Q: 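After the structure tokens below, expect a handful of questions from me.
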Amino acid sequence: MSNKKIFSKKELAELSASEINHKIIYENYSLLRTLGGEKLRKEMVPVGAACKAAVNYFINTTGPKNEPEKHAKAARAKLVKVLSRLTPGDYKGFPKDAEKGLVVGFNHPSLGEIARILMMKIDVMGEKPMLFPVNLPWYEALANDFDKIKMLGIIITPTITPATWKKLGLKEGTKLYENANRIKRGFRDMYTEMSEEAVKNGGVIFVAPSATRQQTVFKTEQVYTKEEDVIPTMSVLALKLYKDSEMNCDFLPMAVLPPKGYKRGLNFRKRYKLIPGEIMTADYIRKTYFKTKSPKRLEGFDYDFHKRIADKLPKEFWY
């Protein structure tokens, strides 16, 4: 569906983020096109087409179609089998039958690790619900297949990363900027609520702390040497989740080691390694980083989380 609809000024001003999302999924609207990001949207159309074809293949070639649970399980099993050939990955050592929810943060050098993470999750973590925040250009490419993707065990939720926000180039002080910023915050709140629900039910959340593809764990040497701050992705999530005193999910740093000569794309038939780092339990995080009852930030948590990823990789991937 290439002829995407544009939100009216009234819709943009009055609709909630969840209502905007519903129209993106089910009514063929594009927030990107509305905000002047048509080029960003079109860049991801081929990815969307490829994913649509893949999703339909796994669903249409499995069954029994009159038994949804068995059908979904068969489709997921076939997905793992195919991905193991097309996008191979090693993922030894991941927790298999953990009852608690889990937040997995990983370095994000390419698109290739997404397929390997998906394969690992379905193969190792089975029926646990899986939540994946997806940057808006990629999300809009996948949104029309939201329900089918969910059937395969993946719940995607939209986010607007700092890099995408900058590329949109919206003029501060304008009504368009204000409405877009409100929706961006609304997407973040949706993600937080879904995250809480997922981990409370023993689910797993995968998130790239860099919020964009970058070759190294730390963005620069200055970030590694603590001369500059780490993007606080993981601590913001921890603060939100641990507001609930009964929340007991753990945080797992995961190192992605791409193959030699890898590109930014999927790197078909090349083997990745997904390496679990030292897990950070809810109890450990609360005792180590929550210095007050209701802190506004977790000093040192983001750096330590990144360092646990870096420690599992060759130094060329550190910064």
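Here the structure is a predicted model, which is why all the values come from computation and not from measurement.
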Q: Taking atom types as modelled, is there a side-chain donor on Gln214 or His108 under 3.5 Å from an acceptor on the other?
A: no

Q: Considering non-hydrogen atoms only, spot the tightest contact between Arg182 and Leu12 and give its length.
A: NH2-O, 2.7 Å

Q: Centroid-to-centroid, Trp165 to Tyr177, below 6.0 Å?
A: yes

Q: Only one of Leu118, Val256, Asn107 passes side chain to side chain contact (heavy atoms under 4.5 Å, CB included) with Glu113; say which it is.
A: Val256

Q: Checking Lys4 against Asn28 for the side-chain hydrogen bond (donor to acceptor under 3.5 Å, both in side chains) test, could you report, in this order, the C-alpha distance in whole Å, the side-chain angles of both residues, the deciding distance, and whether it holds?
A: CA-CA 6 Å; Lys4 296 285 186 179; Asn28 203 35; 3.0 Å; yes

Q: Inspect the surroundings of NZ in Lys73 and state if more than 12 heavy atoms from other residues, nucleotides or ligands are less than 6.0 Å away.
A: no

Q: Suppose we screen for salt bridge (charged side-chain N to carboxylate O under 4.0 Å, His left out). Which residues come up paired with Glu316, at least two apart in sequence or across chains?
A: none

Q: Relative to each other, are the rings of Phe251 and Tyr242 parallel, tilted or perpendicular (30° and 60° limits)?
A: tilted

Q: Just checking, any donor-acceptor pair under 3.5 angstrom between side chains of Ser210 and Thr212?
A: no

Q: Could you please spell out the steps behind the side chain to side chain contact (heavy atoms under 4.5 Å, CB included) verdict for Asn201 and Glu197?
A: CA-CA 6 Å; Asn201 291 320; Glu197 189 67 25; 3.3 Å; yes

Q: Assess the side chains of Asn56 and Lys148: does a donor N or O sit below 3.5 Å from an acceptor N or O?
A: yes

Q: Indicate yes or no: at least one non-hydrogen side-chain atom of Tyr319 is less than 4.5 angstrom from one of Lys219.
A: no

Q: Given the rule that I, L, V, M, F, W and Y join up when any side-chain heavy atoms are under 4.5 Å apart, are Phe187 and Val236 in one cluster?
A: no

Q: Can you find a side-chain donor-acceptor pair between Ser110 and Lys263 that sits under 3.5 Å?
A: no

Q: For a quick test of reading the model, state the closest non-hydrogen atom pair linking Ala180 to Leu35 and the distance between them.
A: CB-CD2, 3.8 Å

Q: Does Asp90 pair with Arg116 as a salt bridge, N-O distance under 4.0 Å?
A: no

Q: Is there a side-chain contact between Ile155 and Phe132 in this structure, where contact means two heavy atoms from C-beta onward sitting under 4.5 Å apart?
A: no

Q: Looking at the rings of Phe146 and Tyr26, which for Trp means the six-membered one, are their centres under 6.0 Å apart?
A: no

Q: Of all the heavy-atom pairs spanning Thr233 and Ala208, show the shortest one and how long it is.
A: CG2-O, 4.4 Å

Q: Under 4.0 Å between a Lys/Arg side-chain N and an Asp/Glu carboxylate O for Glu11 and Lys9?
A: no

Q: With a 6.0 Å cut-off on ring centres, are Tyr272 and Tyr91 close enough?
A: no

Q: Between Glu127 and Arg76 (salt bridge meaning N to carboxylate O under 4.0 Å), is one present in this structure?
A: yes

Q: Heavy atoms, side chains only, cut-off 4.5 Å: are Met280 and Arg308 in contact?
A: yes

Q: Would a 4.5 Å heavy-atom cut-off, applied to side chains only, mark Val80 and Met120 as touching?
A: no

Q: Do Phe218 and Trp318 have ring centres separated by under 6.0 Å?
A: no

Q: After noting the C-alpha distance and the side-chain angles of Lys5 and Ser30, does the key distance pass the side chain to side chain contact (heavy atoms under 4.5 Å, CB included) rule?
A: CA-CA 6 Å; Lys5 300 176 188 176; Ser30 170; over 6 Å; no

Q: Taking NZ, NE, NH1 and NH2 as the nitrogens, is one of them in Asp283 or Lys287 under 4.0 Å from a carboxylate oxygen of the other?
A: yes

Q: Do Leu298 and Asp302 have side chains that get closer than 4.5 Å, going by heavy atoms?
A: no

Q: Any side-chain heavy-atom pair from Lys270 and Tyr262 closer than 4.5 angstrom?
A: no

Q: Is atom NZ of Lys65 surrounded by more than 12 heavy atoms (other residues, nucleotides or ligands) closer than 6.0 Å?
A: yes

Q: Would you call Glu38 and Arg41 a salt bridge, taking side-chain N to carboxylate O under 4.0 Å as the test?
A: yes

Q: Regarding Thr281 and Asp250, is there a side-chain donor-to-acceptor distance under 3.5 Å anywhere?
A: no

Q: Using the rule that Ile, Leu, Val, Met, Phe, Trp and Tyr join whenever any side-chain heavy atoms are under 4.5 Å apart, tell me whether Ile275 and Val124 fall into a single cluster.
A: yes

Q: Under a 4.5 Å side-chain heavy-atom rule over Ile, Leu, Val, Met, Phe, Trp and Tyr, are Leu136 and Ile231 clustered together?
A: no

Q: Take atom CD in Glu227; do more than 12 heavy atoms of anything else shown fall under 6.0 Å from it?
A: yes

Q: Before giving the answer on side chain to side chain contact (heavy atoms under 4.5 Å, CB included), spell out for Leu131 and Val204 the whole-Å C-alpha distance, their side-chain angles and the decisive distance to 0.1 Å.
A: CA-CA 6 Å; Leu131 180 64; Val204 57; over 6 Å; no

Q: Would Thr159 and Val134 satisfy side chain to side chain contact (heavy atoms under 4.5 Å, CB included), going step by step from the backbone distance to the final call?
A: CA-CA 6 Å; Thr159 184; Val134 179; 5.8 Å; no

Q: So, using side chain to side chain contact (heavy atoms under 4.5 Å, CB included) as the criterion, who are the partners of Lys39 when residues are at least two apart?
A: Glu43

